[in-house]
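Only one structure is covered here, and it is reproduced in the block below.
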Amino acid sequence: MINENQENLWYKDAIFYEVPVRSFYDSNGDGIGDFPGIMQKLEYIKSLGVDCIWLMPFYDSPLRDDGYDIRDYYSILPEYGTIRDFDNFITEAHRLGLRVIADLVLNHVSDQNKWFQEARTDRTNRKRDWFVWSDTPDKYEGVRIIFIDTERSNWTLDPQTGQYYWHRFFSHQPDLNYDNPEVREEMKNVIRFWLNRGLDGFRCDAVPYLFEREGTSCENLPETHEYFREIRRMIDAEFPNKILLAEANQWPDDAKKYFGNEDEFQMNFNFPLMPRIFISLVKEDSFPIENIISKTIPVPDKCSWGLFLRNHDELTLEMVTDEERDIMYQEYAKVPKMRLNLGIRRRLAPLVDNDRYVLEFLHALIMSLPGSPIMYYGDEINMGDNIYLGDRNGVRTPMQWSYDRNAGFSRVDPEQLFAPVIINSNYHYEVNNVESMSRLPTSFLNWLRKLIITRKKSAAIFGRGTIEFIHADQKEILAFLRYYEGETILCVYNLARKPSYVTMDLRKYSGWHVREMLSLSRFPDIGDLPYFFTLQRNSFFWMSLEKPDPQ
Ligand code: NOJ
Ligand code: CA
């Protein structure tokens, strides 16, 4: 039974679904997705079994970083609709039992934002100190550059005032100065504004970079943690039960710190895990996954990792060793165009050559490890990508609804779409679309729905339970037990591209029944002899272990 206190921990059992408004559905025929469009597709999102939508930035923006460059924090980009459309969307989502979180970009703004426009008018302007200025580009030397393919420095000269401004991302995204109390207050007001309109929380962008200090990496500074604790206190006091999800792409020890003492973020993307899932697959070896999970648990009781395979960015390889990065590039980015910065700008299905076994395997994995799965729109229909579009746009193309014109995304002339639909023959929208795949009982989409229904029946175990690895002789076998309040699930995965087998000592469950969870088929009861499984290549079993009724 889930009691009221546990209900407040809804995010621990939830499945999230990331959506760019631009790419989802165009309701008014201008070739660009919009809020009334997503609103029409809420039933579909609900039909996936998803619990919470994560909206990418929809605020007014010149769109030089797809909305992560915000011009006005208090308004909506007109092409996405009006504030009323936003309100209607939230109301309708809530009516259907869906929650909605949205991106909150704290670290930087667009250079077209009026705060920066004012700040750069002259050195004495009252907004000057809202940004980080220096007479020379030497300050904070050695701080890494994140967008290495486009930026040479974290400083850019402002010709009008003759000083350099600091930016961790594109040079058109000046960083805000969090040492300035007005900035800290203003961003709290932004938070209040959108929570008052019904959002259920935020995915906080670029969390580690808020403060700068000489002689440090300018990442994960204590001041940054302190500010998030301040935000959390404010939200808990004024808007109970809203959540914060951190984008902190860091090594495990630094990433984990964003949970704080249950007083910073409730959720945090498991960046350390994501690339190591792919590395485990290449190496046919469970060690990278097992090792990184061991390094990222336990988390505080009320916190949860966000488990993801792909998102709207390149598959980041910043926080892996050089050797691991080489393995990833060799296997998954054979063509230079597939790379961007330190990462791979491809969608999930093309990454794994559209291999149905591997796609099922990967989804089962993120649905069964400790945390809350976060899916990326289109991955449920194995959408392809377009590496000939610039930056990360190749993984943000129109959602494929049907085999009609423009994949059913919009009724405009195809030339007018904000980005072309995917027509590569192996991923053509005429096949990979919601309507066709919904109709086909054996489609990946329907399989995934079933997986999600199965997970939901045991959401508490998967989301809240402990994990205990079982060591198999075969390196390609990943096996673990998940427990929660007396219930036990055994998960077994074969990472190899060939069939394999495993024997396990399960004597402590002697006499227990074993049931495969997707089909509900009974397997032989556990006895005193080692329990034996054979597994097809890249396949898995979720088995519920059921204690026999007392005679
Ligand atoms: C992280 C976002 O995920 C990414 O898309 C964006 O470009 C950077 N932050 C900079 O805003
Ligand atoms: Ca539109």
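Here the structure is a predicted model, which is why all the values come from computation and not from measurement. Every number for a ligand or one of its atoms is a count from 1 in the order of the listing. Position 1 is the first residue of the sequence, and the numbers go up from there.
Checked by atom type, the side-chain pair Asn177/Asp129 shows a donor-acceptor distance below 3.5 Å. Looking only at atom types and distance, the side chain of Arg120 has no donor-acceptor partner in the side chain of Gln160 under 3.5 Å away. Inspection of the Asp60 and Ser75 side chains reveals no N or O donor paired with an N or O acceptor under 3.5 Å.
By the criterion of a separation under 3.0 Å, the protein N/O/S atoms near the Ca ion (ligand 2) amount to Asp26 OD1, Asn28 OD1, Asp30 OD1, Ile32 O, Asp34 OD2.
Comment: Arg95 engages Glu92 in a salt bridge, judged by a side-chain N to carboxylate O separation of less than 4.0 angstrom.
A cation-pi arrangement is present between Arg22 and Phe418, with the terminal nitrogen or guanidinium carbon under 6.0 Å from the aromatic centre and inside a 45° cone about the axis.
Phe265 pairs in a ring pair (Phe, Tyr, Trp, His ring centres under 6.0 Å) with only one of the listed residues (Phe228, Phe259, Phe202), which is Phe228. Considering Trp155, Phe116, Phe131 as possible partners of Tyr165, the one that fulfils the ring pair (Phe, Tyr, Trp, His ring centres under 6.0 Å) test is Phe116.
Among pairs with a residue in residues 29-56, those fulfilling ring pair (Phe, Tyr, Trp, His ring centres under 6.0 Å) read Phe35-Phe58, Phe35-Phe86, Phe35-Phe89, Tyr44-Trp401, Trp54-Phe269, Trp54-His312, at least two apart in sequence or across chains. Every pair passing side-chain hydrogen bond (donor to acceptor under 3.5 Å, both in side chains) that includes a residue from residues 408-419 is listed here, sequence neighbours excluded: Asp26-Ser410.
If you look at ligand 1, the protein residues with a non-hydrogen atom under 4.0 Å away are Asp65, Tyr68, His108, Phe147, Phe169, Gln173, Arg203, Asp205, Glu247, His312, Asp313, Arg392, Arg396.
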